[in-house]
Student: 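One structure, as structure tokens, below. Some questions next.
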Amino acid sequence: MPELPEVETTRRGIAPWLEGRTPSSVVIHNPSLRWPITPELPERLTAGPIASVERRGKYLLLNNPLGTALVHLGMSGSLRVSSPEDPRRKHDHVELGLDGERVLRFNDPRRFGAWLWTSDWQQHPLLAPLGPEPLEVDFTGDRLYKGSRGRRASVKAFIMDAKTVVGVGNIYASEALFQAGIHPGRPAGSVGRQRYRRLAEAIREILGNAIAVGGTTLRDFTDSSGNPGYFRQSLTVYGRGGEPCKICGTPLKDRVIAQRSTVFCVRCQR
DNA sequence: AAGGATTCCTGTTGGC
DNA sequence: TGCCAACAGGAATCCT
């Protein structure tokens, strides 16, 4: 399930193959993603060189002189650079020809991903409302504290809301709340300033560490070369329901909070 | 306005 | 062993 570290890992892998090049072709094998791929996408993406590959939250931005292709991996999407001779895999929906030797393929079994075209991504309705980047300086505990006053939803739902901060999905939200010692079901408005400072620090540290080892591979995430990420071995609570807490040994609880499976320690997290 | 429920989809898993 | 229902999950969208 790609969260910010997996998307950033993907960005770093594909950028060197795309930047400065004009795709020779864009072939859409199946346009039925989260939203139908607009038929104009191929002509737009082949119109000029891709100047840069950026990331905003979990969106990848392929920028060229006409605008930007917004690529979202959804929950099962991946991008891979391979040889044109490598056989297409099941669920390869989009293919960019890079030169004679390489192709970029978008694979997405569940088709929750997206490829959208926009002439101005900053104004795009999906991107404009997004909150701060967790690894940038404007993401702070004080900001979380202020934004959460009066909020009755759980602190877990609050930090998974992209308007609060981008890129924190179910796995890293659980990990950060454990590291900060905060119970995921606690109302966001009842968490104090100091504890939000701890939480912001935990989010930063965990996402940064995950990026450094290529993300988390649970089942099938791989980078653009097909390699797994190694953060899984650093997970302290996610996927460990019923197993002992690594701090106090109490069996970890597993229950649904914010519509998602959530693992936490009733003793260490309050 | 806020927050919870629903929805899209397919591969994996668990029960019988 | 085989079949099928339940489940997982990002996040927009619907509903209250």
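Values below: every heavy atom of this structure, side chains too, minus hydrogens, waters and symmetry copies. Within every chain, numbering begins at 1; the chains are lettered A, B, ... in the order of the sequence lines, protein sequences first and strands thereafter.
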Student: Roughly how many Å is it from CH2 in A:Trp35 to P in B:dT7, rounded to a whole number?
Tutor: 17 Å
Student: By nearest atom, which of the nucleotides B:dT10, C:dG10, C:dA12 is closest to the A:Asn170 side chain?
Tutor: C:dG10
Student: What integer distance in Å separates A:Phe158:CZ from B:dA2:P?
Tutor: 11 Å
Student: In terms of heavy-atom contacts, does CZ of A:Arg21 have more than 12 from other residues, nucleotides or ligands at under 6.0 Å?
Tutor: yes
Student: Check every strand shown and say whether A:Gly169 touches a base, only sugar-phosphate, or nothing at a heavy-atom separation below 4.0 Å.
Tutor: nothing
Student: Give a yes/no on whether any side-chain N or O of A:Lys90 is located under 4.0 angstrom from OP1 or OP2 of B:dG11.
Tutor: yes
Student: Under a 4.0 Å threshold between the charged nitrogen and the carboxylate oxygen, would A:Arg12 count as salt-bridged to A:Glu8?
Tutor: yes
Student: Would you kindly confirm whether A:Leu18 and A:Trp121 end up in one hydrophobic cluster when ILVMFWY residues are joined by side chain heavy atoms under 4.5 Å apart?
Tutor: no
Student: Roughly how many Å is it from CG in A:Asn30 to P in B:dC8, rounded to a whole number?
Tutor: 17 Å
Student: Judged by each residue's nearest nucleotide on DNA chain B, which is more toward the 5′ side, A:Arg260 or A:Arg152?
Tutor: A:Arg152
Student: What's the shortest heavy-atom distance between A:Ser52 and A:Glu19, and which atoms?
Tutor: CA-OE2, 3.5 Å
Student: How close do A:Val7 and A:Pro2 get, counting heavy atoms only, and between which atoms?
Tutor: CG2-CB, 4.2 Å
Student: Kindly check if the number of other-residue, nucleotide or ligand heavy atoms within 6.0 Å of CD (A:Glu40) is above 12?
Tutor: yes
Student: When the distance from CD of A:Gln259 to C1' of B:dA2 is rounded to whole Å, what number comes out?
Tutor: 13 Å
Student: Ignoring backbone atoms, establish whether A:Tyr59 has a side-chain N or O less than 4.0 Å from OP1 or OP2 of C:dA12.
Tutor: yes
Student: Could you provide the dot-bracket string of DNA chain B, using ( ) for intrastrand pairs, [ ] for crossing pairs and | for bases paired to another strand, with Watson-Crick or G-U pairs below 3.5 Å?
Tutor: .|||||||||||||||
Student: What heavy-atom pair brings A:Pro42 and A:Thr38 nearest, and what distance separates the two atoms?
Tutor: CD-O, 4.2 Å
Student: Quickly work out the A:Ile171 CD1 to C:dA11 C1' distance and round it to whole Å.
Tutor: 15 Å
Student: Are A:His72 and C:dG10 close enough that a side-chain N or O sits under 4.0 Å from OP1 or OP2?
Tutor: no
Student: Do the charged groups of A:Glu133 and A:Arg56 touch, with an N to O distance under 4.0 Å?
Tutor: yes
Student: Please state whether the phosphate of C:dG9, meaning OP1 or OP2, lies under 4.0 angstrom from any side-chain nitrogen or oxygen of A:Arg110.
Tutor: no
Student: Using whole Å, report how far CG of A:Leu33 lies from C1' of C:dA11.
Tutor: 15 Å
Student: Report yes or no: do A:Val27 and A:Trp117 belong to one cluster of Ile/Leu/Val/Met/Phe/Trp/Tyr joined by side chain heavy-atom distances under 4.5 Å?
Tutor: no
Student: By nearest atom, which of the nucleotides C:dA12, B:dG4, C:dG10 is closest to the A:Ala153 side chain?
Tutor: B:dG4
Student: Testing A:Arg260, A:Lys156, A:Glu175 one by one against A:Asn170 for a side-chain hydrogen bond (donor to acceptor under 3.5 Å, both in side chains), which residue passes?
Tutor: A:Lys156
Student: Let's see if you get this right: which residues in residues 112-124 of chain A place a heavy atom under 4.0 Å from DNA chain C?
Tutor: A:Phe112
Student: Hey, which of these two, A:Arg34 or A:Ser154, hits DNA chain B nearer its 5' end, going by closest nucleotide?
Tutor: A:Ser154
Student: Below the 4.0 Å mark, does C:dG9 have OP1 or OP2 next to a side-chain nitrogen or oxygen of A:Tyr238?
Tutor: yes
Student: When we call it a touch if two heavy atoms are under 4.0 Å apart, what does A:Leu73 touch: a base, just sugar-phosphate, or nothing?
Tutor: nothing
Student: If I take atom CG in residue A:Asp108 and atom C1' in nucleotide B:dG11, what distance separates them, rounded to the nearest angstrom?
Tutor: 12 Å
Student: C:dA11 phosphate, OP1 or OP2: any side-chain N/O from A:Lys58 under 4.0 angstrom?
Tutor: yes
Student: Using only side-chain N and O atoms of A:Arg111, determine if any of them is under 4.0 Å from OP1 or OP2 of B:dT10.
Tutor: yes
Student: In whole angstrom, what separates A:Met75's CE from C:dA12's P?
Tutor: 15 Å
Student: Taking A:Ile171 as the starting point, is it possible to reach A:Phe264 by hopping between hydrophobic residues whose side chains are less than 4.5 Å apart?
Tutor: no
